[in-house]
Amino acid sequence: MIGRNNKVKSWMQNIYEEIEKIQNIFSHNLISSEDIGNNNYLNITDKFEDVLVLIEDILFELDNKTR
């Protein structure tokens, strides 16, 4: 099960990094609230932050499984 756990951790870390890259598109105003509307912009950026926090929690749990 440790091998599977390591694969899942790796996949989750990759997903985290990809979402972070996408989030940077918004935080660097490559896509701004003027482009898509303030409500949409806030909704997207809030949800990205929520997903990143969730993935961080999952990675923390997975780290503690192997110890």
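The figures that follow rest on heavy atoms only: side chains count, while hydrogens, waters and symmetry mates do not. In this chain, numbering begins with 1 at the start of the sequence shown. The structure presented is a predicted model; accordingly, all values stated were derived computationally and were not measured.
For Asp57, the side chain to side chain contact (heavy atoms under 4.5 Å, CB included) criterion is met by Val53, not counting sequence neighbours. The side chain to side chain contact (heavy atoms under 4.5 Å, CB included) test applied to Val8 returns Arg4, Trp11, Met12, Leu62, not counting sequence neighbours. Lys7 is linked by a salt bridge (charged side-chain N to carboxylate O under 4.0 Å, His left out) to nothing, counting only residues two or more places apart in sequence or in another chain. Applying the side chain to side chain contact (heavy atoms under 4.5 Å, CB included) rule to Asn24 yields the partners Ser27, His28; only residues at least two apart in sequence or on another chain are considered. Checked against side-chain hydrogen bond (donor to acceptor under 3.5 Å, both in side chains), Tyr41 has no partners two or more places apart in sequence or in another chain. Residues passing the side-chain hydrogen bond (donor to acceptor under 3.5 Å, both in side chains) test with Asn40: none are found, sequence neighbours excluded. The side chain to side chain contact (heavy atoms under 4.5 Å, CB included) check on Ser32 picks up Asn29, Glu34, Asp35, with sequence neighbours excluded. The ring pair (Phe, Tyr, Trp, His ring centres under 6.0 Å) search around Phe48 returns Phe26, not counting sequence neighbours.
Atom CD1 of Ile15 is separated from atom CD1 of Ile55 by 6.0 Å, given to the nearest 0.5 angstrom. The structure places CG of Leu59 at 10.0 Å from OG of Ser10, a figure rounded to the nearest 0.5 Å. Here the CG-CD1 distance, from Asn14 to Ile19, works out to 11.0 Å after rounding to the nearest 0.5 Å. Between Ile44 atom CD1 and Glu49 atom CD the span is 14.5 Å, to the nearest 0.5 Å. To the nearest 0.5 Å, the span separating OG1 on Thr45 from CD1 on Ile22 amounts to 13.5 Å.
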Q. Passes side-chain hydrogen bond (donor to acceptor under 3.5 Å, both in side chains), Lys9 versus Asn5? Steps please.
A. CA-CA 6 Å; Lys9 280 175 30 180; Asn5 189 51; over 6 Å; no

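Identified under the salt bridge (Lys or Arg N to Asp or Glu O under 4.0 Å) test for residues 16-26, with sequence neighbours left out: Glu18-Lys21.
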